[in-house]
Amino acid sequence: MTHSRRTTAAEAADPGDSGGGGEKAEPVRGRRRVLLLLAVAGCAYLIDLCSKLAVVEKLEYRDPVPVLGAWLELRVTRNSGAAFGMGGAMTILFTVIAVAVVVAIVRLARKLYSVPWAIALGLLLGGALGNLTDRLFRSPGGLQGAVVDFIAVRGFSVMNLADWAIVCGGVLIVFCSFRGWELGDPGGKADDATAGARATGG
C-alpha cells in the first residue's frame, strides 16, 4: 500500500510522464506562441503606422529636428526603394517580396513553439506589413507607393521604425540559429535540460 501511494504521488507530480498528458500540452503551447507572434507584429505595425502619420503631419517639408546633434535627426523623406535608398526603380519588386515574406511567416506560424522565434518573426511581420502599407496606399499608388522614412543617422541611412523592426528581427533570427534553436523548440536551455532529464528517466 505504501509503495502504491508513492507511485501515485509521483505520477501526479509529473503528469508529462503519463500516457496522454504530454501530448495534450503541445497544442496549448502552439497557440500561445502564435498569439505572441501576432502581438509583437501588431505592436510593431501600429507603432510604425502612428509614427509615420505623426511625422508626415508635423515634420514633412520642414527643417530637420536634431535629436543627438547632427548624428541623429528626424528628417522626413519618401523612399521608393529598399532600405538605404537602394533600388529606387524596383518598387514593385520590393512590394512582391514584402508580400512573400508575410505569406511565409504566416505559414511558419503553424509549427511555431519557440518564444524567441515568435518574437523574431513577429518583428519581421510587423515591419514588413508597415512598409507594405506604404507601398499599397501612399502616392503614386499602383504598388509603387513611396515609404516614409524619418530617422536619419549621420553617415548611415534614413530609415523608419518598420525598418528597425526588420533589422532587430533579423538579428534575433541569426542569434536563434547560432544557438541551434528551432521553430518547434520551446526555447532556451531550461527546456533542453528538462527534455534531457525526462529522456534519461530523471
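Worth saying up front: this structure is predicted, and the values here are computed from it rather than measured.
Taken to the nearest 0.5 Å, the CG atom of Leu112 stands 8.0 Å off from the CZ atom of Arg33. Between the CD1 atom of Ile119 and the CD1 atom of Ile173 there is a distance of 12.0 Å, given to the nearest 0.5 Å. Rounded to the nearest 0.5 angstrom, Leu108 CG and Leu37 CG are separated by 9.5 Å. Note that the CE atom of Met159 and the CD1 atom of Ile166 stand 8.0 Å from one another [nearest 0.5 Å]. Atom CZ of Phe150 sits about 4.0 Å away from atom CG of Leu161, to the nearest 0.5 Å. Here the CG-OH distance, from Leu123 to Tyr45, works out to 16.0 Å after rounding to the nearest 0.5 Å.
Residue Asp48 comes nearest to Ala162 through the heavy atom pair OD1-N, 3.0 Å, listed as atom of the first residue, atom of the second, then distance. Contact between Ala70 and Arg154 at its shortest, heavy atoms only, is O-CB, 3.4 Å. The two residues Arg75 and Ala152 make their nearest non-hydrogen contact at NH1-CB, 3.6 Å. Residue Cys176 comes nearest to Pro116 through the heavy atom pair SG-CB, 3.5 Å, listed as atom of the first residue, atom of the second, then distance.
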Item checked: side chain to side chain contact (heavy atoms under 4.5 Å, CB included) between Asn160 and Asn131, worked out -> CA-CA 9 Å; Asn160 55 47; Asn131 285 338; 3.2 Å; yes
Next item on the list: Report the C-alpha separation of Val102 and Leu129 in whole Å, then their side-chain angles, then the decisive distance to 0.1 Å, and conclude whether the side chain to side chain contact (heavy atoms under 4.5 Å, CB included) test is met.
Entry: CA-CA 7 Å; Val102 171; Leu129 288 174; 3.8 Å; yes
Next item on the list: Kindly indicate, with the supporting measurements, whether the criterion side chain to side chain contact (heavy atoms under 4.5 Å, CB included) is fulfilled by Ile105 and Leu124.
Entry: CA-CA 8 Å; Ile105 293 175; Leu124 282 180; 3.8 Å; yes
Notebook entry, point to check: Is there a side chain to side chain contact (heavy atoms under 4.5 Å, CB included) between Leu36 and Val115 once you walk through the steps?
Noted result: CA-CA 8 Å; Leu36 177 60; Val115 170; 3.7 Å; yes
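The salt bridge (charged side-chain N to carboxylate O under 4.0 Å, His left out) search around Arg62 returns none, not counting sequence neighbours. Not counting sequence neighbours, the partners of Asp134 by the salt bridge (charged side-chain N to carboxylate O under 4.0 Å, His left out) test are Lys52, Arg138. The side chain to side chain donor-acceptor pair (under 3.5 Å) test applied to Ser51 returns no partner, not counting sequence neighbours.
Under a hydrophobic clustering in which Ile, Leu, Val, Met, Phe, Trp and Tyr are joined whenever their side-chain heavy atoms come within less than 4.5 Å, directly or via other members, Val76 and Phe156 fall into the same cluster. Follow the hydrophobic side-chain contacts under 4.5 Å out from Val153 and you reach Leu68 in the same cluster. In the hydrophobic cluster analysis, where Ile, Leu, Val, Met, Phe, Trp and Tyr join through side-chain heavy atoms closer than 4.5 angstrom, Phe137 is grouped together with Leu132. Under a hydrophobic-cluster definition in which Ile, Leu, Val, Met, Phe, Trp and Tyr are linked whenever side-chain heavy atoms come within less than 4.5 Å, directly or via other members, Ile47 and Leu72 are assigned to the same cluster.
Looking only at side-chain heavy atoms (C-beta outward), Val67 and Glu73 stay at 4.5 Å or farther from each other. Counting heavy atoms from C-beta on, the side chains of Leu121 and Leu183 come closer than 4.5 Å. Proximity of Arg135 to Val147: side-chain heavy atoms (C-beta onward) are separated by under 4.5 Å at one or more points.
In this structure, the side chain of Arg107 does not engage the main chain of Ala104 through any donor-acceptor pair within 3.5 Å. In this structure, the side chain of Trp117 engages the main chain of Trp181 through a donor-acceptor pair within 3.5 Å.
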